[in-house]
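Structure record follows, encoded as structure tokens.
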Amino acid sequence: MDQIAVETRKSPWGSVAPAPPACSLTEVMSEQLANQLEEEGHALTTLADPAADLLLSDEVSDTTSDLVLAKVLQMQFDREFDDQLRREEKRFNGDSKVSISFENYRMVHPYEDSDSSEDEVDWQDTRHDPYRADKPQTTPRKGFTGKGKNITTKHDAETCGRKNTARMDNFAPEVHVGDGLGMDLKLSNQVFNSLKQHCYSEQRRSARLHEKKEHSTAEQAVDPRTRLLMYKMVSAGVLENINGCISTGKESVVFHADGGSLEEQPVPGEVVLKVFKTTLNEFKNRDRYIKDDYRFIDRFSKLNPRKIIRLWAEKEMNNLTRMKKAEIPCPEVVLLKKHILVMSFIGRNHIPAPKLKDVVLSSEDMKNAFYQVLHMMQQLYQECNLVHADLSEYNMLWHEGKVWLIDVSQSIEPRHPHALEFLFRDCKNVSTFFQKRGVSEAMSVYELFNAVSGLNIPVGDEDEAEFISEIMALEKRNEDHVQRRGKKIFSVASEDCDPPLEPDADD
Ligand code: ADP
Ligand code: MG
């Protein structure tokens with residue numbers, strides 16, 4: 001009686017069918033029974049119920065364990081979720097040739113159980129596996145192959161071991177796995193899985209290192225296309241020799257070279273090659289200089305990023321040409337080839353002129369330098385119709401008792417929507433530098449700004465914020481005016497006088 005009560009309590013799902021009578025050893029070994037079992041096995045594989053495995057296994061038939069039941073239900077839930085994902089993936093991809101995978105969102109991952117050999121179908125290399133049958137060999141659900149005495153289970157250590165050895169073929173080519181197959185090596189699942197993990201982490205590490213190396217070479221030197229262009233200049237005789245790098249900046253690399261000869265134009269004995277970097281990261285920040293420059297606005301939007309970099313070189317060439325016309329001391333343009341600008345060298349005997357920030361000058365020279373800079377800024381604004389926009393002691397060289405202006409690729413016209421803000425920044429750099437160097441004649445930033453621009457913005461209490469807001473209001477009014485009438489309110493001497501820019505013949 002007791003026994004029956006226990007039996008009923010054991011199965012919350014209802015009455016349990018009586019267990020089949022135990023069979024004898026002869027029956028177990030019988031071929032007929034094996035066939036029968038096999039058929040049942042086939043029938044079971046068609047079962048869609050994802051929890052079927054677990055429900056059929058011995059542990060689960062003991063339904064008293066809440067933990068097991070919960071696990072079974074969770075498994076069922078997870079697999080249903082995965083089925084749903086698969087359906088959505090299919091619907092999303094449709095017939096498209098490019099498909100996306102929801103694999104990462106799956107709840108049940110075939111590889112997660114690292115000691116299981118169930119994952120072999122996903123892992124196995126189908127190209128070469130001498131231990132593999134012609135057809136993909138999966139262990140049937142019943143868990144064994146063969147008949148009668150020759151039954152081999154899926155857990156057979158030898159078979160698994162050999163398969164694992166063969167699966168090492170899947171490792172990356174640089175991993176030397178040796179001739180495991182030749183010596184009939186059998187790898188346990190555990191050893192195989194740790195080898196697999198090691199192999200993966202090594203691959204990731206080497207990828208990271210490689211990436212770094214590539215990046216650093218790109219930082220320091222020029223890319224092969226640029227090298228070829230430079231080589232062509234030498235072989236065409238424009239340059240005698242390229243000697244070495246003077247400076248590596250964020251946006252450019254500057255080389256010193258000996259000048260050769262160019263048709264109808266004498267090339268200076270010493271020149272520099274300013275190579276604008278073709279990596280775009282730094283230039284992105286500078287879009288605002290060129291994007292709103294009316295001279296380039298039509299072309300900017302139509303160009304791909306590499307060509308935008310050529311625009312910088314072109315811009316520097318145009319600005320230098322204007323400055324030369326106004327007789328501002330600056331490098332003379334020799335040649336522009338794509339993103340390489342060749343210009344005269346400021347310095348002597350391979351030694352570049354020092355930057356104003358590095359040079360030690362007498363107070364008289366320093367005072368003269370200030371007046372020269374003031375005059376150059378006025379010329380730049382009034383005659384060349386330009387604002388330097390990166391003027392500081394870093395971009396002024398001291399050579400033959402004079403200040404020379406360089407680095408004008410970002411210089412813009414005063415009608416640029418932010419030109420006055422850039423001018424204010426230039427004035428601030430200049431004024432601060434000369435005041436720090438003890439030039440008592442150096443004007444304040446506000447006086448300098450008004451002296452350069454010819455605008456009479458009231459200086460008041462020398463409140464920077466107030467001054468800048470005046471500047472911005474002026475820019476805004478000017479911008480509105482330009483939009484309405486194509487004209488600016490405040491006056492600058494010359495209009496855009498650049499020749500039309502020819503597209504590059506090589507493009
Ligand atoms: P970047 O945009 O990288 O600052 P620059 O035009 O300022 O480029 O050039 C970087 C450095 O190269 C300068 O600080 C200067 O030392 C040197 N340099 C550039 N042009 C010349 C030149 N024409 N003659 C001598 N040195 C130059
Ligand atoms: Mg510079």
Side-chain angles (χ1 to χ4, degrees), residues 25 27-31 33-42 44-45 47 50-60 68 71 75 78-79 82 103-104 106-207:
L25 184 63
E27 275 177 317
V28 171
M29 300 307 286
S30 107
E31 199 171 318
L33 185 67
N35 285 341
Q36 196 188 328
L37 273 173
E38 195 167 7
E39 273 164 28
E40 281 171 20
H42 279 307
L44 287 173
T45 48
L47 261 182
D53 279 2
L54 280 167
L55 282 169
L56 283 164
S57 71
D58 282 342
E59 315 100 66
V60 182
V68 174
K71 278 187 175 170
M75 180 70 107
D78 288 349
R79 297 220 184 164
D82 288 353
E103 182 65 32
N104 288 347
R106 284 180 61 171
M107 294 295 215
V108 185
H109 287 274
Y111 325 122
E112 262 173 12
D113 179 8
S114 63
D115 261 356
S116 151
S117 54
E118 296 285 339
D119 59 352
E120 65 197 16
V121 179
D122 298 277
W123 249 93
Q124 204 137 15
D125 186 352
T126 50
R127 288 165 303 174
H128 172 66
D129 182 359
Y131 296 96
R132 199 187 165 101
D134 284 347
K135 274 196 250 167
Q137 186 194 333
T138 49
T139 316
R141 202 163 272 265
K142 66 184 183 217
F144 64 88
T145 52
K147 286 177 183 171
K149 286 182 192 164
N150 304 321
I151 284 178
T152 315
T153 71
K154 64 176 182 177
H155 297 298
D156 182 77
E158 292 214 343
T159 319
C160 272
R162 287 193 184 117
K163 278 183 185 167
N164 285 340
T165 307
R167 284 152 71 185
M168 287 202 299
D169 263 8
N170 284 338
F171 291 174
E174 60 270 21
V175 180
H176 301 291
V177 292
D179 183 19
L181 295 179
M183 64 176 83
D184 197 20
L185 181 72
K186 291 151 207 134
L187 285 181
S188 73
N189 285 341
Q190 201 183 355
V191 172
F192 174 76
N193 279 314
S194 30
L195 279 175
K196 185 173 86 178
Q197 282 309 326
H198 174 74
C199 185
Y200 272 2
S201 48
E202 273 302 296
Q203 259 178 293
R204 277 198 298 270
R205 200 174 64 92
S206 120

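The shown structure was predicted, so the numbers you read here are calculated from the model rather than taken from an experiment.
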Item to complete: Can you see which heavy atom on L187 is nearest to which on M168, and at what distance?
Response: CD1-SD, 3.6 Å

Worksheet item: Rounded to the nearest 0.5 Å, what separation is found between the CZ atom of R167 and the CG atom of L195?
Response: 11.5 Å

Response to the item:
Rounded to the nearest 0.5 Å, the CG atom of N193 sits from the CG atom of N164 at a distance of 7.5 Å

Discussion item. Holding to side chain to side chain donor-acceptor pair (under 3.5 Å), I want the full list of residues that pass it with Q197, two or more places apart in sequence or in another chain.
Written reply: none

Item to complete: Could I get the full list of side chain to side chain contact (heavy atoms under 4.5 Å, CB included) partners for S194, not counting sequence neighbours?
Response: none

Fill in: Shortest non-hydrogen separation from E158 to K186 and the atoms involved
O-CG, 3.9 Å

